[in-house]
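Read the structure below first, then the notes.
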Amino acid sequence: MSIFAVNHLCRELLRDRAFRAAMKADPAKALAPLDLTADERRLLLAGDVGALYRLGANAFLMNYLPRFEVCGLNQQSYNERMRAVKVDEIGQPVG
Amino acid sequence: MSIFAVNHLCRELLRDRAFRAAMKADPAKALAPLDLTADERRLLLAGDVGALYRLGANAFLMNYLPRFEVCGLNQQSYNERMRAVKVDEIGQPVG
Amino acid sequence: MAQIVAGFGVPHTPVFPHFVKRDGPDCEIAKLFGAQKEQLAATRPDLIVMFDTDHLNTFFLDNLPIFAIGVDKSFKAPNDEPRDVPNYVVPSNADLAAHIRTAGVEAGFDVGMTQAYSVDHSVTVPLHFLTPEMNIPVVPFFISGHLPPLPPARRCYALGQAVGRAIESWPENKRVVVMGSGSFSLEVGGPRMAPGRSDGVPDPDWCARVITYLEDQKIDQLIKESTQHQMLKAGNVGGEILNWIAMLGAIGNRKPNYVAPQMQNGHAYGVWRW
Amino acid sequence: MAQIVAGFGVPHTPVFPHFVKRDGPDCEIAKLFGAQKEQLAATRPDLIVMFDTDHLNTFFLDNLPIFAIGVDKSFKAPNDEPRDVPNYVVPSNADLAAHIRTAGVEAGFDVGMTQAYSVDHSVTVPLHFLTPEMNIPVVPFFISGHLPPLPPARRCYALGQAVGRAIESWPENKRVVVMGSGSFSLEVGGPRMAPGRSDGVPDPDWCARVITYLEDQKIDQLIKESTQHQMLKAGNVGGEILNWIAMLGAIGNRKPNYVAPQMQNGHAYGVWRW
Ligand SMILES: [Fe+3]
Ligand SMILES: [Fe+3]
């Protein structure tokens, strides 16, 4: 499952201080060795958490991106981009 | 649980080639950084798998010690030492 | 024999320790946890069994249990860096934990095991406020409450009953408090956050209804309405109510001393003593 | 709709690939697996669901499930270096695996999940002999069969029934073969090894009795006698019989085409087709 790799790297941001520092310094370089699709890589580097959520990435885990301020995200931009995702009653993306 | 560390290092013998090589070269040195009790360390270095079994170490996992011929063990000495452990009908150490 | 002497329902919002440090002992959070701390001390607990939902910290998607119990003599907390929470080593009781697991598996609950583990804010934050000296052993019991499929509410209640029986068949003379940790309606980091916040309360009506059911001992109704759909509708951590439901199973059908709501957070602080 | 077209019971002795390489196609192991390979091909399977007990390789004591299913599009095999077994990438079916898990959890089985996983000899060795081209997707379902507490045999049978129902409610038109992997009586690396060997068969009578029960369709008797005590008495991997019992639950109570024993190894090769 490719989205597994996105979820996993978000968690590594919390657990691996060296990876966290690398992501803060140069996200493209830090992501280069990871097994991501071209789409996932592009969306991560663009901080497009809404599109990643629609692909199945986990919200708790992506929340580490603004927490550690990587990929250009902060709490405000994260909030706005996630809230722009249309979801149904149980939080599943629609449309 | 201290015996967890014994079980864990046996499994690392299989999974971590560098640790396997270090254990073959110099077990005392390879075990030095691990969180083992004095007893566990002594029994491992002596290859006393019977005593470790009585302490609760897992048989599959200890089987990696003779497989990779560390701590002076081979299939024959492992077999003899394990078979010397008195067990009840369901394989639990007794006496 | 061990006896269950109280049930507690607790929130675990990771930023609460920071807020209390910032706002002092008169803020609402400090008072609500402070009242529970007094109640807990009055029960003279020897041991706490805490039902809890981990947030992909103790367990990850590479090996995600529905039910699991921590079996070790202690554990580290927290593993996810909540602000203004020290690094604790919390004592536990491996023998009791193994006994609960064995009894659970025999009763048909497929309870996994973790050793050499750490826990996240969901165990740590309540203990930070209620037992800051970390001198009372805690056995964490993990219930999957975030990622569907969620275990059915009725099954979690029955699980709690089985855990209660296991505790009360433990031969040592211990006073045991059972806790359930979590929210009733909350979205964390997902599309249903409130504007400008990192969380939101998607279903305040449900939160209010849960509190009424708890106060009125309408546990069967609570279980009936806690469908997977309702829990997910209540937010991406809405399944944490399963921890409260398991706690209720363990303590039996009793009237709470109080259930103090914090509606803006979609959760409450509950105490059951007898 | 998907349909279950056969059940297979298989051994998984890690050294068998080496023996067959050494001893050639006329040795007993090669013939027994060869006969099963022909039977399997004749079922024209689209997919295999394999009940299996991992040997602390996919899962370790830090996070040990009672039941878990692999949910991914493929997996690596083997992760424990059995002799003369190549490194395979085995295709799987994440959607069906997730469907089985959801159905299981709804039915009250607390099935954990693994993603991005690898498997040990217990999945790999049977596939090495039966589907060496690794062109048939395999969904592994893990049952804890070594370390007590073991899940009760009757529960594993009911689990198999639930998995069978889940497979047969899958909307795609697939021919599914269900397998159970493991021994009936075997001690590996423990005190009950035979002299000069790395394993032993502590309870050959039990092994013979199991085979009779399978041949005579005395499944209820098999379940009744497969107590935790009997499984542990049969050796430290005696609980692997639970994988056969779950397979039987999935396929329904049927007469086997054959159950070929290998008494010196405490196991058998079974085929159920209809
Ligand atoms: Fe939470
Ligand atoms: Fe095996």
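Letters go in sequence order (proteins before strands), and every chain restarts at 1.
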> So which part of R11(B) gets closer than 4.5 Å to some heavy atom of chain D, the side chain, the backbone, both or neither?
Replying inline: side chain
> Any idea how F16(D) and F19(D) line up, ring-wise: parallel (<30°), tilted (30 to 60°), or perpendicular (>60°)?
Replying inline: tilted
> F68(B) and F19(B): aromatic ring centres closer than 6.0 Å?
Replying inline: no
>> Can you confirm whether or not the ring centre of F33(D) sits under 6.0 Å from the ring centre of H128(D)?
In response: no
>> With a 4.5 angstrom heavy-atom cut-off, is it the side chain or the backbone of D62(D) that approaches chain B, or both, or neither?
In response: both
>> Check this for me: K76(D), atom NZ, are more than 12 non-hydrogen atoms of other residues, nucleotides or ligands nearer than 6.0 Å?
In response: no
> Ring centres of H55(D) and H121(D) under 6.0 Å apart?
Replying inline: yes
> Under a 4.5 Å heavy-atom cutoff, which of P148(D), G196(D), G238(D) has the most pairs with chain B?
Replying inline: G196(D)
> So what's closer than 4.5 Å to chain D heavy atoms on N79(B): side chain, backbone, both or neither?
Replying inline: both
>> Between F60(B) and chain D, with a heavy-atom cut-off of 4.5 Å, which part of the residue counts as in contact: side chain, backbone, both or neither?
In response: both
>> Between Q228(D), M231(D), H146(D), who has the most heavy-atom pairs with chain B when the cutoff is under 4.5 Å?
In response: H146(D)
>> Taking side chain as everything from C-beta outward and backbone as N, CA, C, O, which of these in P202(D) sits under 4.5 Å from a heavy atom of chain B? Side chain, backbone, both or neither.
In response: neither
> A194(D) versus chain B, heavy atoms under 4.5 Å apart: side chain, backbone, both or neither?
Replying inline: backbone
> With only heavy atoms counted, which part of R81(B) is less than 4.5 Å from chain D, the side chain, the backbone, both or neither?
Replying inline: neither
> Picking from R20(B), Q92(B), Q75(B), which has the most non-hydrogen pairs under 4.5 angstrom with chain D?
Replying inline: R20(B)
> At a heavy-atom separation under 4.5 Å, does V85(B) approach chain D through its side chain, its backbone, both, or neither?
Replying inline: both
>> Under a 4.5 Å cutoff for heavy-atom pairs, which residue among K86(B), R67(B), Q76(B) has the most contacts with chain D?
In response: R67(B)
> Step by step, would you call Q230(D) with E89(B) a side-chain hydrogen bond (donor to acceptor under 3.5 Å, both in side chains)?
Replying inline: CA-CA 9 Å; Q230(D) 174 59 68; E89(B) 196 174 66; over 6 Å; no
> Do F141(D) and F109(D) pass the ring-ring contact (aromatic ring centres under 6.0 Å, His included) test, and can you show the C-alpha distance, the side-chain angles, and the key distance before you say yes or no?
Replying inline: CA-CA 12 Å; F141(D) 193 115; F109(D) 296 93; 8.9 Å; no
>> What I'd like to find out is whether the side chain of V201(D) reaches to under 4.5 Å of the side chain of M263(D), using heavy atoms alone.
In response: no
